[in-house]
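Shown next, in structure tokens, is the structure this report addresses.
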Protein chains: 2
Amino acid sequence: MKSDKISEAVVRRLPVYLRFLNELHTREIATVSSQELGQKLDLNPAQIRKDLAYFGDFGRKGIGYDVPYLIEKIRHILKLDQPLNVALVGAGNLGHALSNYNAYLQDTMKITAIFDSYKPKVGQKINSLVVQPMEELGSTIREQGIRIAIITVPEFEAQNVADTLVESGIEAILNFAPVILKTPSNIRIHAADFTTDLQSLAYYLQDGKEESEHEKQ
Amino acid sequence: MKSDKISEAVVRRLPVYLRFLNELHTREIATVSSQELGQKLDLNPAQIRKDLAYFGDFGRKGIGYDVPYLIEKIRHILKLDQPLNVALVGAGNLGHALSNYNAYLQDTMKITAIFDSYKPKVGQKINSLVVQPMEELGSTIREQGIRIAIITVPEFEAQNVADTLVESGIEAILNFAPVILKTPSNIRIHAADFTTDLQSLAYYLQDGKEESEHEKQ
DNA sequence: TAGATTGTTAATCGATTAACAATC
DNA sequence: TAGATTGTTAATCGATTAACAATC
């Protein structure tokens with residue numbers, strides 16, 4: 001296949017494939033079929049083959065996919081085969097927590113700068129990074145060539161932070177604040193708001209447990 | 001419209017509507033149109049009308065939606081109009097961070113119990129909750145009528161924790177661990193893994209910035 | 001009454017899945 | 001050669017959007 005415009009759904013599955021492939025690699029499994037992948041990841045094998053075929057012919061008919069080779073390919077597609085510095089804005093509990101995850105981020109992707117507007121926070125050390133004041137956001141982003149930022153500030157600050165990030169040339173934002181950020185269309189934003197996640201989960205609870213009366217359907 | 005089977009995409013938008021409606025309510029705005037909602041939330045107005053119409057006729061032609069009334073309705077649909085206790089399993093940095101968000105969770109939804117398997121953690125106080133040992137998971141879930149759990153344990157523990165939660169009668173899980181959990185089909189699971197989020201963001205970075213050579217397309 | 005806006009049907013668009021020839 | 005599994009086309013399914021009659 002190759003090319004076409006790739007849908008976001010496809011792109012979002014690639015890291016999931018990658019994660020499992022890495023596990024297979026650790027277990028020294030050399031080859032995997034779309035069938036096996038699908039079973040493990042709860043996906044249709046045809047979908048997996050189609051997803052991968054958007055980017056190239058990575059498999060071998062009758063055999064399956066070579067694990068190390070496919071890892072290399074997906075890492076390249078996701079640009080995880082080059083150094084990628086990430087900025088974290090908001091050094092509260094959540095920011096602190098996320099800064100621990102560098103190890104899960106595929107060696108080349110790394111949180112390399114942390115910012116906070118709250119003066120007493122500035123200068124504190126979090127996992128060997130010194131919290132910087134917001135005033136240094138622009139210059140640090142440019143100096144370190146940071147292209148992705150994570151927003152973990154309170155909701156009322158989030159839009160301001162996003163504006164500053166955009167001005168500083170950031171290309172993509174992962175937003176944990178519970179607001180819809182307005183940014184130019186060339187900036188990629190993912191919402192990572194767990195409160196809306198939890199609230200939508202509540203919908204699926206069985207009816208009539210904590211309740212008492214009528215309530216049919 | 002009413003009934004039909006509601007798609008997950010629809011359910012996931014409801015909390016977003018609710019959040020903005022609450023903001024309007026605070027600003028004492030009494031009425032809102034699908035047009036205005038769509039503009040603020042970056043959604044098609046027809047989609048919003050259709051989403052809401054699945055659950056009832058909440059609007060008034062020529063007028064729009066009454067804000068307090070729609071809030072009440074959405075809260076009911078999402079079961080956020082009844083007390084809903086949530087368990088948090090994993091009292092590490094991330095669990096600690098999430099436990100601060102009770103305020104954002106709509107008064108009736110609340111994290112009311114925290115568990116950790118690491119003995120020195122047990123007994124510590126986190127936001128007025130005492131960390132409990134894993135052994136008490138089942139009994140506390142039953143006693144408190146907990147129906148939703150959040151998993152913030154390391155990946156290698158996550159499946160075990162999920163199994164225990166399922167045995168204890170939990171109905172829905174929000175999983176922050178970077179693994180695909182296997183559970184019975186009647187258990188609702190949402191993945192909230194920010195590492196895959198970040199990795200998929202990298203895909204959208206402009207090509208040829210940090211790189212040097214060829215690399216066409 | 002004229003203008004606004006809903007709820008809903010029909011049209012469109014896009015994503016998932018099935019099926020199968022190609023081939024290892 | 002027989003069995004397995006890919007890449008891809010076609011079929012299906014589902015979600016989004018447009019359009020508009022109903023009506024406040």
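Chain letters run A, B, ... following the sequence lines, proteins first, then strands; residues in each count from 1.
A salt bridge links B:Arg13 with B:Asp51: the distance from a Lys NZ or Arg NE/NH1/NH2 to an Asp or Glu carboxylate oxygen falls below 4.0 Å. Remark: B:Asp193 engages A:Arg19 in a salt bridge, criterion side-chain N to carboxylate O under 4.0 Å. Electrostatic pairing of B:Arg27 and B:Glu23 counts as a salt bridge here, judged by a charged N lying under 4.0 Å from a carboxylate O.
Of the candidates D:dG7, C:dT16, C:dA19, C:dA19 carries the atom nearest the A:Ala46 side chain, counting heavy atoms from C-beta on. Side-chain proximity of A:Ser7 to C:dG7, C:dA15, C:dT16: nearest is C:dA15. Comparing D:dT23, D:dA15, C:dC24 by their nearest atom to the side chain of B:Lys61 picks out D:dT23. For B:Arg13, counting side-chain heavy atoms from C-beta on, the closest listed nucleotide (D:dT16, C:dT16, D:dT5) is D:dT16.
Between the side chains of A:Asn127 and A:Ser99, at least one donor N or O lies within less than 3.5 Å of an accepting N or O. Side chains of A:Gln159 and A:Asp163: a donor-acceptor N/O pair is present below 3.5 angstrom, by distance only.
The partner of D:dA21 is C:dT6, by the rule that a Watson-Crick or G-U pair needs both atom distances under 3.5 Å. Of all nucleotides present, only C:dT12 satisfies the Watson-Crick or G-U wobble test against D:dA15, with each distance under 3.5 Å.
In this structure, CD of B:Gln35 is placed 7 Å from P of C:dT5, rounded to the nearest angstrom. Across the protein-nucleic acid pair, B:Lys50 atom NZ and C:dA11 atom P stand 14 Å apart, rounded to whole Å. A:Leu70 has its CG atom 13 Å from the C1' atom of D:dT6, to the nearest Å. If you measure from atom CG of B:Asn44 to atom P of C:dT6, you get 12 Å, rounded to the nearest angstrom. Between the CZ atom of A:Arg12 and the C1' atom of C:dT16 there is a distance of 18 Å, rounded to whole Å. In this structure, B:Leu43 places its CG atom 8 Å from P of D:dT17, rounding to the nearest Å. The nearest whole Å value for the distance from the OH atom in B:Tyr54 to the P atom in C:dT8 is 11 Å. The separation between A:Glu8 atom CD and C:dC13 atom P is 20 Å, rounded to whole Å.
Projected onto DNA chain D by closest heavy-atom contact, A:Leu52 and B:Ala9 fall at different nucleotides, the more 5' of which corresponds to A:Leu52.
Between A:Tyr65 and C:dC24, a side-chain N or O to OP1/OP2 separation shorter than 4.0 Å is absent. Neither OP1 nor OP2 of C:dC24 sits under 4.0 Å from any side-chain N or O of A:Arg60. Dashed line: the shortest gap from a side-chain N or O of A:Arg49 to OP1 or OP2 of C:dA19 is not under 4.0 Å. For B:Ser34, a side-chain nitrogen or oxygen approaches OP1 or OP2 of C:dT6 to under 4.0 Å.
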